[in-house]
Protein chains: 2
Amino acid sequence: MSADVQAPAPRRRTRIQREKRDLILEAALEVFSAHGFRGATIDQIAEAAGMSKPNLLYYFRRKEDIHETLMQRLLDTWLAPLRELDDVGDPLTELRSYIHRKLEMARDFPRESRLFANEILQGAPRIMPLLEGELKTLVDDKAAVIDGWMRAGKIARTDPRHLIFSIWATTQHYADFDVQVRAVLGPGRGDEHRFEDAARFLENLFMDGLRPRAR
Amino acid sequence: MSADVQAPAPRRRTRIQREKRDLILEAALEVFSAHGFRGATIDQIAEAAGMSKPNLLYYFRRKEDIHETLMQRLLDTWLAPLRELDDVGDPLTELRSYIHRKLEMARDFPRESRLFANEILQGAPRIMPLLEGELKTLVDDKAAVIDGWMRAGKIARTDPRHLIFSIWATTQHYADFDVQVRAVLGPGRGDEHRFEDAARFLENLFMDGLRPRAR
DNA sequence: CTAACGTTTGTCCATCCGGTCAAAATTTGC
DNA sequence: GCAAATTTTGACCGGATGGACAAACGTTAG
């Protein structure tokens, strides 16, 4: 039995409706993430989804509806790694795996990352409530967990919220600024193995910083 | 009589031309950084610059010309902090001030940061050559400097290029993702002092990482 | 004063784009 | 097999937008 995501009380969706909507959302992710909301046109999305514009508009009445649906679906996937950050287990290990999971997401879902980045960059006009609600709550929650670790002396004392920001920033950078990263690394080893190199680097950075280790 | 194909070789510019062009570029920075290239309209820029659209088009023949000029002017300012990274002086101190300077730029020139972010996010269609040329050269150069420090045992060994990326990512995050940062910190102390807090946090992170310090 | 040059404006155009609509084609429930 | 419901399509619309243009306005040098 299907339970509809949010839309206002239409009767339960047809198989075709579910399939086509998914097709459209996939196409829209491709187009929105590459050009931003304003830069993307319905025609582009329709073509990428292999259907005509009026046909697409039969499934989503307005361009903004597509974007909104996409955003809502994505937020869950996107925040999953942070949700998993758990109080049990060794703090340093927990944080290390959080960083790795985030980096894997940047590698495997760069379009999703760019979609969010695009939205935030332009002032998050369409997802402000989500940021101030769901996201803030989650971060508050996890910041408390991290704070507990600090108080217990398990990790160094710093600002837990800025720690989370820095993990987001460093990992998502490899998705959002991919072209720049590749341009700078140039062809050759760096370009091919950039995610492995990034993983190793970030682990070093977050665990021990730059100060030379006395051995 | 005019024969110039595109930019170069116009006779020297009038005082009015210089003033108006600057005015337009300032307005364009505001508008482009807030809406992206495609999202910005010539009318918006013209209004922000306090002139009519045809008047603006008298100084810049095409929308893209404004963007291009803006980009070229900005790159210098933007990379200045990295250029200053110097071989002389204590490596850790050098890196610390680089981080601080970058963070100050994110605080004082958020529009510039967002303009670049927008461009890179969309695949850098208009500045690819700059990335592969000027930027890559500069990074190669500074990576060599950092590498020297590592070989000399002055800082821990890691990947110098990814180190640079991580500094860019963490500092620019406070400009590019400002709305998200503010939404998550919420009103109150965090919001007001976010840049000071960020500075302190980043210094801790880059110097010593998260491992609890034996005291 | 006036001719030459630089600047500004109103008007106009072609195209793009989000969205509508009615009719045609297809699928579904009985 | 057939009527009702769903899906698809082509044609169309109105507003926004990038840009062209010529006429008007202002400034400056002789």
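Throughout, a chain's letter reflects where its sequence line sits, starting with A, and its residues are numbered from 1. Everything numeric here is computed off the predicted structure, so don't read it as measured data.
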(request) Answer yes or no: does a side-chain N or O of A/Asn55 lie under 4.0 Å from OP1 or OP2 of D/dT7? (result) no
(request) Write down the distance between CD (B/Glu19) and C1' (C/dT8), rounded to a whole number of angstrom. (result) 16 Å
(request) Output all residues satisfying ring-ring contact (aromatic ring centres under 6.0 Å, His included) with B/Trp149, sequence neighbours left out; order by chain, then residue number. (result) none
(request) Using whole Å, report how far CG of A/Leu56 lies from C1' of D/dT9. (result) 14 Å
Could you tabulate the donor-acceptor pairs under 3.5 Å formed by side-chain atoms of residues 77-85 of chain A, not counting sequence neighbours?
| from | atom 1 | to | atom 2 | distance (Å) |
| --- | --- | --- | --- | --- |
| A/Arg83 | NH2 | A/Glu134 | OE2 | 3.3 |
| A/Glu84 | OE1 | A/Arg101 | NH1 | 2.2 |

Show me, pair by pair, the donor-acceptor contacts under 3.5 angstrom made by side chains of residues 175-185 of chain A, not counting sequence neighbours?
| from | atom 1 | to | atom 2 | distance (Å) |
| --- | --- | --- | --- | --- |
| A/Asp176 | OD1 | A/Ser113 | OG | 2.7 |
| A/Asp178 | OD1 | A/Arg194 | NH1 | 2.5 |
| A/Asp178 | OD2 | A/Arg182 | NH1 | 3.0 |

(message) On the nucleotide C/dT7, are OP1 or OP2 found under 4.0 Å from the side-chain N or O atoms that B/Tyr58 carries?
(response) yes
(request) Could you tell me the separation between the CZ atom of B/Phe60 and the P atom of D/dA20, rounded to a whole number of Å? (result) 15 Å
(message) Once side chain to side chain donor-acceptor pair (under 3.5 Å) is applied, do any residues pair with A/Tyr98, and if so which ones, sequence neighbours excluded?
(response) A/Trp168
(message) Does the protein touch nucleotides 14-27 of chain C at the base, only the backbone, or not at all? Give it as B, S and - per nucleotide, heavy atoms under 4.0 Å.
(response) ---SBBBB------
(request) Report yes if a side-chain nitrogen or oxygen of B/Ser52 is closer than 4.0 Å to either non-bridging phosphate oxygen (OP1 or OP2) of C/dT9; otherwise report no. (result) yes
Side-chain donor-acceptor pairs of residues 116-129 of chain B under 3.5 Å, sequence neighbours excluded:
| from | atom 1 | to | atom 2 | distance (Å) |
| --- | --- | --- | --- | --- |
| B/Asn118 | OD1 | A/Gln122 | NE2 | 3.1 |
| B/Glu119 | OE2 | B/Arg126 | N | 2.8 |
| B/Gln122 | NE2 | A/Asn118 | OD1 | 3.1 |

(request) Would you kindly give the CD-to-C1' distance between B/Gln44 and D/dG19, to the nearest whole Å? (result) 17 Å
(request) Please check the phosphate of C/dT8 (OP1 and OP2 only) for any side-chain N or O of B/Tyr59 closer than 4.0 Å. (result) yes
(request) Starting at atom CD of B/Glu47, determine the distance to atom P of C/dT9, rounded to an integer number of angstrom. (result) 14 Å
(request) Could you tell me how the ring of A/Phe37 sits relative to the ring of A/Phe32: parallel (under 30°), tilted (30 to 60°) or perpendicular (over 60°)? (result) parallel
